[in-house]
Amino acid sequence: MSLHRTAGALIATCVSATAVLADVRGVRNPPAFTPTEMQLINKDARLIDANRSCPWQLRHALDVWEDMRGATRPAHASAQSVLCTQTPEDSGRASAEAALDLLKILREVAGQSTNR
Amino acid sequence: MSDEDVFADGSQLMADLDMIEIIRWYRMVFTERLLAASASQDEEVLATLRFEATYQLAEFYYVLKARGIHAESQIKALAELHNGYIVELTKDPAKMSRLGLNKDRLLSAMFTTDTLPRLLQNWRERPGAFDQSNLARLLAVVMSAETCRKVVVACADAGLLLRERTSYGTIIIVSNGALEDILGQCLREARQRVASIGYEAPPEGKAS
């Protein structure tokens with residue numbers, strides 16, 4: 001398997017694993033990719049899809065791949081930080097307004113019951 | 001903006017600062033106690049228990065219990081009010097945007113003629129039981145279905161909820177009371193702390 005295909009497969013695996021953890025809401029500034037990285041992304045349909053749906057996870061995965069190649073730090077530690085401890089971008093957080101609306105609905109349900 | 005200078009009265013300011021510490025303390029201690037009560041020390045489970053969405057789930061169960069919402073008729077009313085709220089929300093694009101929601105996601109959170117009977121049947125057969133997808137519908141405005149699933153799985157792994165697969169292949173979520181107890185205790189203590197905030201009014205005619 002060529003280096004590019006190996007990289008593509010590995011990065012796609014990282015991205016899909018972190019994408020499961022991610023619960024993206026709202027819009028953030030898109031990450032930057034180098035021309036070399038864009039070449040790599042454009043060679044793999046899964047990476048193209050990842051770049052559209054979860055570009056930050058793809059950015060992290062590419063960083064990990066770069067670390068592993070350069071062996072600048074323990075590869076398993078880098079991989080772990082993406083695969084296991086990456087929290088959703090919004091930590092599953094919704095607005096206080098929505099949470100308050102939900103409390104009001106529950107109060108109304110209870111109120112309807114006591115009014116019967 | 002109000003004309004009142006919120007920094008002018010030193011006593012009020014000290015009380016306000018106590019208040020902000022209590023608000024922060026409440027959220028911190030809730031997570032601390034949740035983690036301490038967890039039967040699992042798995043890193044991923046603990047990380048998920050720290051999510052805001054886990055607090056939202058606990059708050060939902062706590063309010064259901066504290067408001068005495070336990071009858072099937074109340075769950076039906078909850079679903080109907082929920083549907084009405086969703087419909088109103090879809091007509092308010094500005095609010096949808098503020099809440100980070102889109103129309104498709106909201107529409108999929110509505111109870112339909114297929115899902116409403118299942119919600120009620122689950123509750124009838126086992127009071128307190130929600131199908132996982134129906135629980136996600138009720139919480140759709142505060143978390144995505146995927147986050148709901150993840151939080152419920154972590155809570156079940158931590159022994160804070162029961163999560164069971166039925167013979168029909170659906171997944172039923174039932175509270176064991178742990179989330180409600182932990183949140184309720186933290187809330188009570190926070191309220192007592194707020195009540196004890198001292199405020200010395202300045203002598204008449206004098207500003208501190």
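Just the heavy atoms: all of them, side chains too, but no hydrogens, waters or symmetry mates, feed the values below.
Only the side chain of L102(A) comes within contact range of chain B, with at least one heavy atom under 4.5 Å from a heavy atom of that chain. With a 4.5 Å cut-off on non-hydrogen atoms, I75(B) does not touch chain A at all. Contact of E80(B) with chain A is not made at all, since no heavy-atom distance falls under 4.5 Å.
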Exercise for the section: Applying side-chain contact (heavy atoms from CB on, under 4.5 Å), run through E108(A) and L78(B) and close with a yes or a no. Expected result: CA-CA 8 Å; E108(A) 200 172 336; L78(B) 172 60; over 6 Å; no
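In this structure, the side chains of D101(A) and V141(B) stay at 4.5 Å or more apart for every pair of heavy atoms. Side-chain atoms of L99(B) and E97(A), non-hydrogen and from C-beta on, do get closer than 4.5 Å to each other.
Atom CG of L100(A) has more than 12 heavy atoms from other residues, nucleotides or ligands within 6.0 Å. Counting heavy-atom neighbours within 6.0 Å of M28(B) CE, excluding the residue itself, gives a total above 12. In K95(B), the NZ atom is crowded: over 12 heavy atoms of neighbouring residues, nucleotides or ligands sit closer than 6.0 Å.
Counting all heavy atoms, side chain and backbone alike, L106(A) lies closest to I69(B) at O-CD1, 3.4 Å.
Sorted by first and then second residue, the salt bridge (Lys or Arg N to Asp or Glu O under 4.0 Å) pairs involving residues 163-182 of chain B (not counting sequence neighbours) are R126(B)-E164(B).
The choice from T54(B), L89(B), L81(B), V63(B) that makes the most heavy-atom pairs within less than 4.5 Å of chain A is L81(B).
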